[in-house]
2 protein chains.
Amino acid sequence: MNSNHVTKRIENGRRKTAEERRQDILEAALNIFTQKGYNGSTTAEIARAASVAEGTIFRHFATKKEILIAVLEPKILVGLINLDKEHREYTPTEFFRCFLKNRLELIKENNGLFRFMFAEAQYHSEVREALFKAILEQGIGIIKPWYEKGVEQGEFRPLPFIPTMRSFMGMALFYGIFNGAFPGLPQEETLEEAADQMLELFFNGLLV
Amino acid sequence: MNSNHVTKRIENGRRKTAEERRQDILEAALNIFTQKGYNGSTTAEIARAASVAEGTIFRHFATKKEILIAVLEPKILVGLINLDKEHREYTPTEFFRCFLKNRLELIKENNGLFRFMFAEAQYHSEVREALFKAILEQGIGIIKPWYEKGVEQGEFRPLPFIPTMRSFMGMALFYGIFNGAFPGLPQEETLEEAADQMLELFFNGLLV
DNA sequence: TATAGGAGTGAGTAATCACTCATTATTGAA
DNA sequence: TTCAATAATGAGTGATTACTCACTCCTATA
């Protein structure tokens, strides 16, 4: 007996479009996923959070895993920083400063998402490969040209690129992701200060 | 009808002790957990991997979650490095070199475990808190005295400790954990070389 | 040798899961 | 207004889950 059927409407009385419903579900799924992990979340829970019936979910996505992919797909490609807005002549050093601050902001704003992505990358090869590709693209595609420019101009020492980039990314990710995971970690600094301290070490090292 | 009952024995014909069985189960559980995650693993699977009946598991552990805790408990405390074996007069710089190599080896040997711990820390507060405590103990308890000694002796610049330590740990963890997760990452170096390159950057910085 | 009790077993259980589908609601076009 | 197409629904389904328990096996002691 399916008698009390009332489809939800938005203000102007229009029923939501299929695309809007899809987005509702994805948004709810991301929320639940980041809280409980993929395997710890149920489709019933996601449906409740999205205010739709469980069956509706499977009208928009064939399987639960398809939701996971659809959730991460647009998020994983957020590699493009808007360095270009000023666009005028960065020195390589300035580029690194700007890039780091940009990444730290991004990670801070999407903290749960980032932690979730790295966690699930272990268990889902699709996620792992997409994330791997994104990291490489940022590292090789964006950073490397600036790094080489810095070396050519005599601004940077000619250290091997991959290990240097890996250390740089490690600093940023550990600050952004783990600080979010362990909110008790002693950290008085603002994001701006944290970036400056990281850069001070990265550029000049610990030794006198 | 439970008629074909044959308890397994080890070489000398003795039945395993309760403690030995417990360890079998923990070892099997760690294997399964690191492959599929906590929620992705089933007690039936763990039992099969440990060559015991599913019921046996629940004679040794009250719940599945208790297995998780028992698996990680001894692993999480592996903070004590054996720097002391030579024991003679490290300079602070030498300490950092030795500590880093030691940690990289540890992470490499227990790669799946480390990734699993960080992943599950998100979803289980017990794991999170234990891990958090271990990180703090290593950072504050082990590294800090050496760091301060280095500053006093004029070997290190007086940078703020927490951000510096965080960057240091970030480099090490990102190398150890993510390199294990993304085996395709370009990395020709041995662990020894990787450590040296990390230290070169950490001590002297990128700028000329 | 007899026996008490701990260790081990695996079929059974209630709960929960992802997913289905018959039915109803809502739409835009004719 | 009618109607065909599409969207939404939620009870239902078979599979799977963590966990139980009645029972058997094993061993240490007397």
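By convention in this document, chain letters (A, B, ...) are assigned in the order of the sequence lines, proteins followed by strands, and residues within each chain are numbered from 1.
Residues from residues 56-73 of chain B placing a heavy atom under 4.0 Å of any atom in DNA chain D, listed by number, are B/F58, B/T63, B/K64. Near-neighbour residues of DNA chain D inside residues 31-50 of chain B, defined by a heavy atom below 4.0 Å, number-ordered: B/S41, B/T42, B/T43.
Electrostatic pairing of B/K65 and B/E126 counts as a salt bridge here, judged by a charged N lying under 4.0 Å from a carboxylate O. In this structure, A/K133 pairs ionically with A/E137, as a charged nitrogen and a carboxylate oxygen lie closer than 4.0 Å.
The distance between atom CD of B/E19 and atom C1' of C/dG6, rounded to the nearest whole Å, is 16 Å. For the pair B/R22 CZ and C/dG6 P, the interatomic distance rounds to 18 Å; values are reported in whole Å. Between A/R21 atom CZ and C/dT26 atom P the separation is 11 Å, expressed in whole Å.
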Run the side-chain contact (heavy atoms from CB on, under 4.5 Å) check on A/L68 and A/F116 step by step: do they pass? CA-CA 11 Å; A/L68 174 68; A/F116 173 66; 3.6 Å; yes

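Stem analysis of DNA chain D (at least three stacked-register Watson-Crick or G-U pairs, each with both distances under 3.5 Å) gives C:1-30 with D:1-30.
In this structure, B/E120 has no salt bridge (Lys or Arg N to Asp or Glu O under 4.0 Å) partners at least two apart in sequence or on a different chain. In this structure, the side-chain hydrogen bond (donor to acceptor under 3.5 Å, both in side chains) partners of A/N111, at least two apart in sequence or on a different chain, are A/R115.
Of all the heavy atoms in A/S41 and A/K64, the pair that sits closest is O-NZ, 2.8 Å. For the residue pair B/I142 and B/W146, the shortest heavy atom distance occurs at O-CD1, 3.3 Å.
At most 12 heavy atoms of other shown residues, nucleotides or ligands fall within 6.0 angstrom of atom CD in B/E73.
For B/F118 and A/F118, the gap between ring centers reaches or exceeds 6.0 Å.
Ranking C/dC19, D/dA18, D/dT9 by closeness to the B/E54 side chain, first place goes to D/dA18.
Here side chain to side chain donor-acceptor pair (under 3.5 Å) pairs that include residues 30-39 of chain A, with residues two or more places apart or in two chains, are A/K36-A/E45.
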